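Worksheet for the structure shown next.
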Amino acid sequence: MHDLKKIRQNPEIFKEALKKRGFDYDIDHLLEMDEKRRKLIAEAQILQEQRNKLSKEIGFLLKEKKDANEVIRKVKEISNRIPEIEKEIEELEAKISQDLSQIPNIPAEDVPFGKDENDNVVVRTWGEPRKFDFDPLPHWEIGRISGLYDPERAVKIAKSRFVLTYGALAELERALINFMLDQHTKVNGYTEVMVPYLVNESTMYGTGQLPKFRDELFICERDNLYLIPTAEVPVTNLYREEILNIDDLPKKFVSYTACFRREAGSYGKDTKGMIRVHQFNKVELVKFSLPEKSYEELESLTNDAESILKILGLPYRVILLCTGDLGFSASKTYDIEVWLPSYNGYKEISSCSNFEDFQARRMNIRFKRDRNSKPEFVHTLNGSGLAVGRTVAAILENYQTKDGNVQIPEALREYMKGKKYLFSN
RNA sequence: GGAGGGAUGGCCGAGUGGACGAAGGCGGCGGUCUUGAAAACCGCAGUGGGUGAUGAGCCCACCGGGGGUUCAAAUCCCUCUCCCUCCGCCA
């Protein structure tokens, strides 16, 4: 959500930025509505002022037992005109905020111009994709051969695009969750938070899942609750409608949750395996930052997410999204993509974004520089650290052995009773 | 699920339809006193919006949300949401 005042002050900046994003919108029309709105507000307030003054007068007159009928008649006349104007203001405001809520965030200055994902820029690449001296299997085949991956029964008890694993495969996923949480809390300085998986409507509006992305959500209609598509939703909403202390910034949280997505419109894409599913595990990083520090924080957050892949020894690259591929609320986004032999390419495993004050304004999350200064909006950031299901897939594929086993990355062994290979003992 | 009680500033907590943006206390900030601190005393402090210049000032709105009654609502009425207590059920 943008600040109407800022748009009013720098309309050209917004026009330019939206053009870069390929978003067509008539800023001038918005400003016309705003001007009309302000004129009406001034008008209504003058009438309210008159009404307030005369009403007080009535109080005095009655106290002194004097006749107030003439004044009452006058006030009534004034009061009658107020609702009309207010109705007009309300309609305008509804239209304005409706429009405003459709306008995407403006890209940061160093975001490359581009039309779609083909114009994204590779920022850095880490690790060499392994050269196999045998034909590597996709992770779903490895899982199936081990007998520990059971999509059929997942379909039976839920529906397609659900995952079910047993034994060592389940253990691997649990180990990864613990490893990631330990790394982010003990080494990278995040505070772990465990949050509700079901949230209310206001929370979904706060981070922008509603109203635009309703189709992507699982909904518990009876109780008016929604299953979270990412921990970003409950965690960023922690401080909705609050004013934070400047000394507490930045606030850094890491949260493991299951995530639920309907994946509407993705039929036929990534249908096999655990890459695109309705329920998956994710460890999420969320930061609340000072405005002037948020881009620094984005770099370190991205590094924190990368550190997991480095320690696990999984080759990856970091992509800077271009203006055309940027998500609705983000000012700048790095995608981290892990090497997957079955795709013979890189696949997204984390997306790290700075939203500047776009989400904070919507959620009204502010801080004060000191006692007497005006509250300002914080900047919010988040990124996966990492998507756990996809990390499982990456480990299976990248660490598979010729005889159908999977080597366990060194750092993970202490989380798996010291085992070196997944399917043994 | 049943019965009842609540929601007021950073926190606690008063509040009679008319000078209430709201007593009092705690906490905060500034000062006096003190070598320093504490105590005591004095003073300052909400949020959003309109108009000014992103200043001062003036004005409007805000006592959980929405609606209503009234010249006038924190106060009366309706409604929704949330919280609490007791009973029932339950991991």
Side-chain angles (χ1 to χ4, degrees), chain A residues 1-11 13 30-97 100 194 196-206 210 219-226 234 237-249 251 288 291-292 357 360-378:
Chain A
M1 181 81 83
H2 285 296
D3 183 2
L4 188 53
K5 231 184 217 171
K6 263 193 200 152
I7 299 179
R8 194 193 302 155
Q9 283 159 359
N10 314 293
I13 291 178
L30 181 73
L31 292 179
E32 274 165 36
M33 287 195 290
D34 175 48
E35 206 181 317
K36 194 167 169 205
R37 171 188 142 261
R38 283 182 295 141
K39 225 171 111 187
L40 288 167
I41 286 174
E43 215 174 295
Q45 287 187 351
I46 288 168
L47 291 175
Q48 283 169 320
E49 188 184 345
Q50 289 173 356
R51 181 195 64 191
N52 290 348
K53 279 191 177 144
L54 290 176
S55 282
K56 272 181 190 169
E57 224 171 88
I58 292 167
F60 291 129
L61 288 174
L62 292 180
K63 229 174 228 168
E64 291 166 34
K65 305 233 159 45
K66 285 182 184 161
D67 176 39
N69 286 333
E70 177 56 22
V71 188
I72 290 177
R73 197 191 55 75
K74 236 160 89 186
V75 181
K76 267 188 178 164
E77 209 180 287
I78 292 168
S79 297
N80 284 340
R81 281 154 57 198
I82 296 176
E84 274 172 57
I85 301 173
E86 273 180 345
K87 199 183 154 210
E88 233 176 304
I89 294 172
E90 243 169 70
E91 283 169 6
L92 263 176
E93 275 177 350
K95 182 80 179 69
I96 287 170
S97 77
L100 221 43
M194 214 174 246
Y197 291 4
L198 287 167
V199 299
N200 59 34
E201 209 170 320
S202 313
T203 300
M204 281 296 182
Y205 272 100
L210 290 177
I219 305 177
C220 304
E221 206 163 297
R222 198 160 110 126
D223 297 290
N224 210 5
L225 290 168
Y226 301 77
N237 271 278
L238 277 176
Y239 298 115
R240 175 153 50 90
E241 306 290 343
E242 291 192 36
I243 297 176
L244 301 173
N245 193 327
I246 187 168
D247 299 326
D248 295 337
L249 297 176
K251 276 185 177 283
F288 302 86
E292 62 270 28
D357 63 3
R361 175 169 294 109
R362 203 175 170 121
M363 276 179 278
N364 207 18
I365 306 176
R366 294 171 294 172
F367 74 100
K368 277 190 176 182
R369 295 203 182 262
D370 58 69
R371 201 86 207 156
N372 297 317
S373 56
K374 282 261 165 205
E376 295 172 47
F377 291 108
V378 300

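Note that this is a predicted model, so its numbers are computed, not measured. So you know, we letter chains A, B, ... as the sequences are listed, proteins then strands, and number each from 1.
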| said: Among B:G50, B:A72, B:A61, which nucleotide has an atom closest to any side-chain atom of A:S79? | reply: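 Within the option list, the nearest is B:A72.
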
| If you pin A:N364 and A:I46 to their nearest nucleotides in RNA chain B, which one's is more 5'? |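 Upstream on the strand: A:N364.
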
| message | With nearest nucleotide decided by heavy atoms, which residue, A:A42 or A:E90, maps closer to the 5′ end of RNA chain B? | response |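 The answer here is A:A42.
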
Can you tell me how far [atom1] in [N] sits from the matching atom in [M], rounded to whole Å?
N: B:C20; M: B:C59; atom1: P; answer: 15 Å
N: B:C58; M: B:C63; atom1: C1'; answer: 24 Å
N: B:C44; M: B:G10; atom1: C1'; answer: 16 Å
N: B:G9; M: B:G68; atom1: C1'; answer: 27 Å
N: B:G21; M: B:U47; atom1: C1'; answer: 11 Å
N: B:G25; M: B:U75; atom1: C1'; answer: 23 Å
N: B:G31; M: B:A38; atom1: P; answer: 12 Å
N: B:U8; M: B:G64; atom1: C1'; answer: 10 Å

Establish, with yes or no, whether the OP1 or OP2 oxygen of [N] is under 4.0 angstrom from a side-chain nitrogen or oxygen of [X].
X: A:N52; N: B:A72; value: no
X: A:R366; N: B:G48; value: yes
X: A:K368; N: B:G10; value: no
X: A:R38; N: B:G52; value: no

What is the distance, rounded to the nearest whole Å, between atom [atom1] of [X] and atom [atom2] of [N]?
X: A:Q45; N: B:C59; atom1: CD; atom2: P; value: 12 Å
X: A:I85; N: B:C60; atom1: CD1; atom2: C1'; value: 13 Å
X: A:E242; N: B:G9; atom1: CD; atom2: C1'; value: 15 Å
X: A:E43; N: B:A61; atom1: CD; atom2: C1'; value: 17 Å
X: A:Q48; N: B:G49; atom1: CD; atom2: C1'; value: 11 Å
X: A:E86; N: B:G49; atom1: CD; atom2: C1'; value: 13 Å
X: A:L92; N: B:G50; atom1: CG; atom2: P; value: 14 Å
X: A:K6; N: B:U54; atom1: NZ; atom2: C1'; value: 13 Å

Name the pairing partner of [N], where a pair is Watson-Crick or G-U wobble with both distances under 3.5 Å, or state none.
N: B:G17; result: none
N: B:U51; result: B:G57
N: B:C41; result: B:G31
N: B:A7; result: B:U81
N: B:C89; result: none
N: B:C62; result: B:G46

| query | Between A:F377 and A:N364, is a side chain to side chain contact (heavy atoms under 4.5 Å, CB included) present by the stated rule, with each step listed? | reply | CA-CA 7 Å; A:F377 291 108; A:N364 207 18; 3.6 Å; yes

Students often get this wrong, so: under 4.0 angstrom with heavy atoms, is [X] touching a base, only sugar-phosphate, or nothing?
X: A:R51; result: sugar-phosphate
X: A:R8; result: sugar-phosphate
X: A:K5; result: sugar-phosphate

Hey, are [X] and [Y] close enough for a salt bridge, meaning a charged N less than 4.0 Å from a carboxylate O?
X: A:R38; Y: A:E35; answer: no
X: A:E376; Y: A:R366; answer: no
X: A:D247; Y: A:K368; answer: no
X: A:E49; Y: A:K53; answer: yes

| Within-4.5 Å side-chain heavy-atom neighbours: A:R37 and A:K95 |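 Of all side-chain heavy-atom pairs linking A:K95 with A:R37, none is under 4.5 Å.
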
| query | Quick one: does A:P291's side chain get under 4.5 Å of A:D357's, heavy atoms only? | reply |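 When only atoms from C-beta onward are counted, A:D357 and A:P291 do not touch, as no gap falls below 4.5 Å.
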
| said: To the closest 0.5 Å, what do you measure between CD1 (A:I85) and CD1 (A:I46)? | reply: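 The CD1 atom of A:I46 is 9.5 Å from CD1 of A:I85, to the nearest 0.5 Å.
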
| field | Approximate separation, where rounding is to 0.5 Å, of A:E93 CD and A:L100 CG | value |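 Here the rounded value is 11.5 Å.
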
| request: Report the glycosidic orientation of B:G67: syn if within 90° of 0, anti in every other case. | output: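 B:G67: anti.
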
| Criterion salt bridge (Lys or Arg N to Asp or Glu O under 4.0 Å) against A:E77, the qualifying member of A:R81, A:R73, A:K74 |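 Looking at A:R81, A:R73, A:K74, the match for A:E77 under the salt bridge (Lys or Arg N to Asp or Glu O under 4.0 Å) is A:R73.
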
Nucleotide N/O to protein N/O under 3.5 Å, stretch nucleotides 15-18 of chain B:
residue: B:G18; atom: N2; partner: A:S55; partner atom: O; Å: 2.6

